[in-house]
Amino acid sequence: MARYAQIIGWGKSLPSRVLTNDDLARIVDTSDEWIRTRTGIRQRHIATDPRETTATLAIKAAQEALRVADVPASRVDMVIVATASPEHIFPSTASLVQDGLGATRAGAFDLSAACSGFVYGLSVARGLIASGAAEYVLVIGSETLSRLVDWSDRNTCVLFGDGAGAVLVAASEVPGGILSSVLGSDGSGGNLLIVPAGGSRIPASLETVASGLHYMKMDGHEVFRFATRVMARAAQEVIARAGLTIDDVDLFIPHQANRRIIDAAMKQLKLDEDRVFINIDRYGNTS
């Protein structure tokens, strides 16, 4: 009998501090009008409280997802945390979340795929369930990218916000749920969006810290070109793999990187705005 992967619970968690575009204009040379017209962002949540971390936000979002699903943490088989801003190099943030939830029988691992991490996590959860390896999988996307941002660089600091979102994916005999996925990579563009230091290639040192190599570096123009080319193509492919057409889809939920990227994808897919979910104006890019 076929096993389907259904999303049965969902939750989110946000830092308490809201940073508006006007607030940013007091920090760097920018303005509300400049940010809104180029990104669509009006505000974002920023983790300024040291108690707000990638793990604590993930735990709160996961607890809400479990509450919505009415499933105790003790029944979770796997915890997947998609993040580019983990608590530590190791142990995994997912293991800290697993402990914080009391999910004592669950495996746990981090998934590093940057802005596509949550999509990768859903695909892995579907595979675990379809194979019979798991009944309940928590997929969490959690970031505190504000701690990797150079707040003097207006090209990056205006874009990113902190937060976490979680879903509980469950095995089901009812057809539906996660029908298909498309995963891709282009490592040739790795230098276009990178935190250069802190890993094994450029270990932490006084020199790397002084040079700001632990902050995010981005070639915004090239990242924009790549995203506008790939997003619509991936959407068309995943719909086809599910045996559907674009007309069958009621709602598209794109990655909230930049409003202009979303608009470009909408144009390529010939979508009206009422069929596309957009919340970047309130949260920024939470990766």
Side-chain angles (χ1 to χ4, degrees), residues 4-12 14 21 32-45 82 84 113-126 139 141 143 145 158-161 163-167 169 175-186 189 192-193 218-287:
Y4 300 92
Q6 302 272 10
I7 293 174
I8 64 168
W10 45 88
K12 69 177 181 180
L14 295 162
N21 291 346
D32 174 64
E33 188 272 340
W34 190 91
I35 297 170
R36 279 190 296 104
T37 56
R38 287 163 178 78
T39 70
I41 301 168
R42 296 178 181 273
Q43 65 177 44
R44 72 287 292 149
H45 290 253
C115 292
S116 55
F118 190 75
V119 173
Y120 270 75
L122 280 180
S123 183
V124 172
R126 178 191 181 213
V139 180
E143 301 284 9
L145 286 173
V158 303
L159 296 174
F160 297 98
V167 293
V169 186
I178 304 167
L179 301 180
S180 64
S181 60
V182 171
L183 305 176
S185 176
D186 183 0
L192 301 177
L193 183 53
M218 182 177 73
D219 183 331
H221 178 69
E222 288 302 317
V223 171
F224 181 89
R225 287 183 58 196
F226 175 80
T228 52
R229 184 175 74 250
V230 170
M231 185 180 287
R233 189 173 71 203
Q236 290 167 330
E237 186 176 344
V238 79
I239 291 168
R241 285 192 184 185
L244 303 171
T245 69
I246 285 181
D247 291 337
D248 294 318
V249 180
D250 298 305
L251 183 66
F252 288 78
I253 307 178
H255 169 47
Q256 308 289 305
N258 183 306
R259 178 60 195 257
R260 290 193 297 164
I261 293 174
I262 296 172
D263 287 344
M266 287 168 52
K267 184 176 180 180
Q268 291 177 60
L269 295 170
K270 298 180 173 61
L271 295 174
D272 296 329
E273 189 168 323
D274 61 359
R275 294 176 64 197
V276 181
F277 181 83
I278 297 172
N279 67 2
I280 190 172
D281 55 314
R282 304 190 300 281
Y283 302 112
N285 179 353
T286 54
S287 186

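Just so you know, these numbers come straight off a predicted model, no measurement behind them.
A distance-only check finds no donor-acceptor pair linking the side chain of Arg259 to the backbone of Ile280 [under 3.5 Å]. Checked by atom type and distance alone, the side chain of Gln43 never pairs as donor or acceptor with a backbone atom of Ile41 at under 3.5 Å. In this structure a side-chain-to-backbone donor-acceptor pair under 3.5 Å is present from Arg126 to Leu179. In this structure a side-chain-to-backbone donor-acceptor pair under 3.5 Å is present from Glu143 to Ala84. Although no hydrogens or angles enter the test, the distance criterion places no donor-acceptor pair under 3.5 Å between the side chain of Asp272 and the main chain of Asp274.
Atoms CZ and CG, from Phe226 and Asp219 in turn, are 13.0 Å apart once rounded to the nearest 0.5 Å. Distance CG/Leu14 to CZ/Arg282: 10.5 Å, rounded to 0.5 Å. A distance of 13.0 Å separates NE2 of His255 from CZ of Phe118, quoted to the nearest 0.5 Å. Rounded to the nearest 0.5 Å, atoms CG (Leu192) and CZ (Phe224) are 14.5 Å apart. Distance check, rounded to the nearest 0.5 Å: CG of Asn21 to CD of Glu33 gives 10.5 Å. Atoms CZ and CD1, from Arg44 and Ile35 in turn, are 5.5 Å apart once rounded to the nearest 0.5 Å.
Across Ala265 and Met231, no two heavy atoms sit closer than the pair CB-SD, 3.8 Å. Residues Val182 and Ala234 approach most closely at CG2-O, 4.3 Å, considering heavy atoms. Scanning all heavy atoms of the two residues, the minimum distance from Met218 to Val223 falls at CG-CG2, 4.0 Å. Closest approach of Ala232 and Leu269 over heavy atoms only: O-CD2, 3.7 Å. The minimum heavy-atom distance linking Ser180 with Val238 is given by the pair OG-O, 2.7 Å. In terms of heavy atoms, Gln256 sits closest to Ile278 at OE1-CA, 3.4 Å.
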Working for side-chain contact (heavy atoms from CB on, under 4.5 Å), residues Phe252 and Ile262: CA-CA 10 Å; Phe252 288 78; Ile262 296 172; over 6 Å; no
Might you work through the side-chain contact (heavy atoms from CB on, under 4.5 Å) test for Ser181 and Leu122, ending with a clear yes or no? CA-CA 9 Å; Ser181 60; Leu122 280 180; over 6 Å; no
CA sep, side-chain torsions, deciding dist, call: Leu145, Leu159, side-chain contact (heavy atoms from CB on, under 4.5 Å): CA-CA 10 Å; Leu145 286 173; Leu159 296 174; over 6 Å; no
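With sequence neighbours left out, the side-chain hydrogen bond (donor to acceptor under 3.5 Å, both in side chains) criterion links Glu237 to Arg241. Contacts of Asp32 classified as salt bridge (Lys or Arg N to Asp or Glu O under 4.0 Å), with partners at least two apart in sequence or in another chain: Arg36.
Between Ile246 and Arg275, the closest side-chain pair of non-hydrogen atoms falls below 4.5 Å.
Heavy atoms from other residues, nucleotides or ligands lying under 6.0 Å from CZ of Arg225 number 12 at most. Around atom CG of Asp250, no more than 12 heavy atoms belonging to other residues, nucleotides or ligands sit under 6.0 Å away. The environment of CZ in Arg38 is crowded: more than 12 heavy-atom neighbours from other residues, nucleotides or ligands sit within 6.0 Å.
The ring-ring contact (aromatic ring centres under 6.0 Å, His included) pairs that include a residue from residues 266-287 are His45-Tyr283, where partners are two or more places apart or lie in different chains.
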